[in-house]
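The structure appears below as structure tokens.
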Amino acid sequence: DSGVTQTPKHLITATGQRVTLRCSPRSGDLSVYWYQQSLDQGLQFLIQYYNGEERAKGNILERFSAQQFPDLHSELNLSSLELGDSALYFCASSSHYGYTFGSGTRLTVV
Amino acid sequence: AQKITQTQPGMFVQEKEAVTLDCTYDTSDQSYGLFWYKQPSSGEMIFLIYQGSYDEQNATEGRYSLNFQKARKSANLVISASQLGDSAMYFCALTGANSKLTFGKGITLSVRP
């Protein structure tokens with residue numbers, strides 16, 4: 001167990017739907033990062049939050065949004081899903097000791 | 001902008017032999033960090049080793065060592081005494097002033113018995 005918890009592990013949904021991915025960072029870590037891993041794009045940085053505030057944005061689509069709550073857990077919301085959104089979504093948290101990844105949520109859009 | 005380049009095709013190594021996985025990087029930051037992660041077929045990202053740009057010695061973690069050549073902007077991972085469980089995808093990643101990790105495309109390593 002890395003200490004970063006992601007739920008659910010697997011998600012199958014239809015095109016046009018909306019899903020929410022959840023991430024609990026390692027205890028004490030204030031930063032949360034979201035990454036998307038797909039076969040054609042590789043590992044792409046989506047967004048970073050630090051202590052509840054958005055810190056950096058990467059290649060995140062407008063249909064996607066995220067937030068970090070006061071208890072530091074984060075949620076990634078994906079809406080109007082398309083087949084191409086099928087991917088492995090990782091959350092990572094960071095501290096002085098480095099970056100720790102969760103086990104990922106595998107999203108399949110059918 | 002930060003960039004990581006991993007251009008090796010799938011790599012094969014005999015069990016118990018050493019293997020080097022190549023990584024070159026580009027960054028305009030003076031202070032940066034380099035990471036290697038392992039991703040087995042189960043999908044999780046496993047941290048292997050870290051090298052800071054100001055670290056004078058090459059990082060080592062058990063069977064993993066990082067051959068850091070700052071002038072050449074390379075950070076190659078060396079795995080000694082390969083094991084069957086080392087078969088996986090390996091990613092090199094870079095972080096700098098903006099703290100996000102930039103990943104390379106990865107290298108697939110297969111260890112032959």
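Below, read A as the first sequence line, B as the second, and so on, with proteins coming before strands; counting in each chain starts at 1.
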Q. Does a side-chain heavy-atom distance below 4.5 Å link Phe45(A) with Asn98(B)?
A. no
(Q) Any heavy-atom pair between the side chains of Gln39(B) and Phe101(A) that's under 4.5 Å? (A) no
Q) Transitively linked via ILVMFWY side-chain contacts under 4.5 Å: Leu84(B) with Leu109(B)? A) yes
(Q) Just so I know, are the side chains of Tyr33(A) and Ser99(B) near enough to count as touching, which here means a heavy-atom distance under 4.5 Å? (A) yes
Q: Look up atom CD in Gln37(A) and atom CE in Met89(B), then write down how far apart they are to the nearest 0.5 Å.
A: 7.5 Å
Q. If two hydrophobic side chains count as joined below 4.5 Å and joins carry through other members, does Ile60(A) share a cluster with Tyr49(A)?
A. yes
(Q) When you group the ILVMFWY residues by side-chain heavy-atom contacts below 4.5 Å and let the links chain together, are Tyr35(A) and Leu78(A) in the same group? (A) no
Q. NZ/Lys105(B) to CD/Gln41(A) distance, rounded to the nearest 0.5 angstrom?
A. 7.0 Å
Q.
Less than 4.5 Å apart, side chain to side chain, heavy atoms only: is that true for Met45(B) and Leu43(A)?
A. yes
Q: Would you indicate whether Ile12(A), at its atom CD1, is surrounded by more than 12 heavy atoms from other residues, nucleotides or ligands within a distance under 6.0 Å?
A: no
Q. Near Lys57(A) NZ, under 6.0 Å, is it more than 12 heavy atoms from other residues, nucleotides or ligands?
A. no
Q. Heavy-atom distance under 4.5 Å to chain B: side chain of Tyr50(A), backbone, both or neither?
A. neither
Q | Atom group of Leu101(B) that falls short of 4.5 Å from chain A, counting heavy atoms | A | both
Q) So do Tyr99(A) and Phe47(B) actually touch side chain to side chain, heavy atoms under 4.5 Å? A) no
Q. Can you get from Leu94(B) to Tyr50(B) by hopping between Ile, Leu, Val, Met, Phe, Trp and Tyr side chains that sit under 4.5 Å apart?
A. no
**Q.** Contact origin within Gln44(A) toward chain B - heavy atom pairs under 4.5 Å
**A.** neither
(Q) Can you tell me how far apart CZ (Phe90(A)) and CZ (Phe103(B)) are? Round to the nearest 0.5 Å. (A) 8.5 Å
Q) More than 12 heavy atoms of other residues, nucleotides or ligands under 6.0 Å from CG of Leu83(A): is that the case? A) yes
(Q) According to a hydrophobic-cluster definition based on side-chain heavy atoms being under 4.5 Å apart (Ile, Leu, Val, Met, Phe, Trp, Tyr only), do Val13(B) and Ile49(B) belong together? (A) yes
